[in-house]
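Step one of this worksheet: look at the structure below.
In what follows, chains carry the letters A, B, and so on, assigned in the order in which the sequence lines appear, proteins first and then strands, with residues in each chain numbered from 1.
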There are 2 protein chains.
Amino acid sequence: MVTKRLSGSTDDANLRLADSLAREIFSDVANKWALLIIEALGEGTLRFSELRGRVDGISHKMLTQNLRMLERNGLAERTVHPTVPPRVEYTLTEAGHGLRATVDGMCEWTYRYFRHIESARQRFES
Amino acid sequence: MVTKRLSGSTDDANLRLADSLAREIFSDVANKWALLIIEALGEGTLRFSELRGRVDGISHKMLTQNLRMLERNGLAERTVHPTVPPRVEYTLTEAGHGLRATVDGMCEWTYRYFRHIESARQRFES
DNA sequence: CTGCATCCTAGCAGATACTG
DNA sequence: CAGTATCTGCTAGGATGCAG
């Protein structure tokens, strides 16, 4: 049962991720495109086409797909302006911003260990 | 050029991720299995079979594949004890621990917004 | 026990085209 | 402009077998 673990006696984050719903959420969110979209939305509200421009290399399909997923999980909010042509804007919810903070951490990490990783790779070829 | 952005004038993490090597690192690392392995190794050194037990649902193949990747990028270290049967242990490097800190953040985030996400999903079905 | 290679399949993800 | 659907290729990832 879900609530059992929530009020549970363990503080082990990994153990808790054994919970199937938590793992499902984690799997949804722990993928490249989702994280890059969240990072992009961290700067503020963006429309669909703007997002496409910011998240380099993402396809139309992957963008909509991941946006639906983020909306479904309550991480992003979708507001449609009934104009013509339609204008659809996406913004992070509170939960979304919470996650963005950790994604920021990952980005910073990437740059902190950039050279370290670069040389580790060279060492690895041998 | 890589170093241009490293010493560059922008503080925008997302912009910097436009750099191809940074994106490659990010893509390597921003996947479910890699993050779960790192989280598991956060507790300390583990052998291959122990890891398989901790990272629930991972296959033999995905585990070796991701471990090679982590090793290649200098996030995990592999030490072989030349016994029989062989005993291979994996441990996080400093860079690995750095990343683990942010993964911990993601795990905590998952549990903080667990109920929030649960209800967001119910709202979404309509 | 660990690692690598092989085969094989489901589902991911791109391209395209069509609606509102 | 935004979203959906279809078609298709391709690769991620499981299962298995073998070697060290």
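In this structure, the nucleotide among D/dG13, D/dA2, C/dA13 sitting nearest to the side chain of A/Y90 is D/dA2. Nearest to the side-chain atoms of B/P85 among the listed nucleotides C/dG20, C/dC1, D/dT4 stands C/dC1.
Rounded to 10°, the angle separating the first-five-pair axis and the last-five-pair axis of the helix from C/dC1-D/dG20 to C/dG20-D/dC1 equals 40°.
In this structure, the CE atom of B/M62 is 13 Å from the C1' atom of C/dC4, given to the nearest Å. Protein atom NZ of B/K61 is 18 Å distant from nucleotide atom P of D/dC18, rounded to whole Å. If you take CD of A/Q65 and P of C/dC12, they are 8 Å apart, rounded to a whole angstrom. As rounded to whole Å, 8 Å separates atom P of D/dG13 from atom NZ of B/K32. We find that CZ of B/R68 is positioned 11 Å from P of C/dT2, with the value rounded to whole Å. Put simply, CZ on A/F48 is 19 Å from P on C/dG20, counting in whole angstrom units. Put simply, CG on B/L36 is 12 Å from P on D/dG13, counting in whole angstrom units. One atom, CG of A/N66, and another, P of D/dA2, lie 17 Å apart when rounded to the nearest Å.
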Inset, instruction - Give the intermediate values and the outcome of side-chain contact (heavy atoms from CB on, under 4.5 Å) for residues B/L63 and B/F48. - result: CA-CA 8 Å; B/L63 183 52; B/F48 184 86; 3.8 Å; yes
Legend entry - Chi angles and distances behind the salt bridge (charged side-chain N to carboxylate O under 4.0 Å, His left out) call for A/E43, A/R54: CA-CA 11 Å; A/E43 299 168 30; A/R54 302 232 181 179; 2.3 Å; yes
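Note on A/R52: every side-chain N or O is 4.0 Å or more away from OP1 and OP2 of D/dA2. At D/dA2, one or more side-chain N or O atoms of A/S49 fall inside 4.0 Å of OP1 or OP2 (strictly under the cut-off). In terms of phosphate contacts, A/R78 brings no side-chain nitrogen or oxygen within less than 4.0 Å of OP1 or OP2 of D/dA2. For C/dC1, neither phosphate oxygen OP1 nor OP2 lies less than 4.0 angstrom from any side-chain nitrogen or oxygen of B/R47. At least one side-chain nitrogen or oxygen of B/S59 sits closer than 4.0 Å to the OP1 or OP2 atom of D/dG14.
Crowding of A/E71 atom CD: a count of heavy atoms from other residues, nucleotides or ligands under 6.0 Å exceeding 12.
Screening residues 83-93 of chain B for salt bridge (Lys or Arg N to Asp or Glu O under 4.0 Å), with sequence neighbours left out, gives B/R87-B/E89.
Not a single donor-acceptor contact under 3.5 angstrom links the side-chain atoms of A/H60 to the base of C/dG14.
Considering every non-hydrogen atom in both B/T110 and A/A22, the closest pair reads CG2-O, 3.9 Å.
Annotation: of the two residues near DNA chain C, A/G57 and B/V80, the 5′-most nearest-nucleotide partner is B/V80.
The pair B/R23-B/D28 fails the salt-bridge criterion, with no side-chain N (NZ, NE, NH1 or NH2) lying under 4.0 Å from an Asp/Glu carboxylate O.
Shown here are the side chain to side chain donor-acceptor pair (under 3.5 Å) partners of B/Q122, two or more places apart in sequence or in another chain: there are none.
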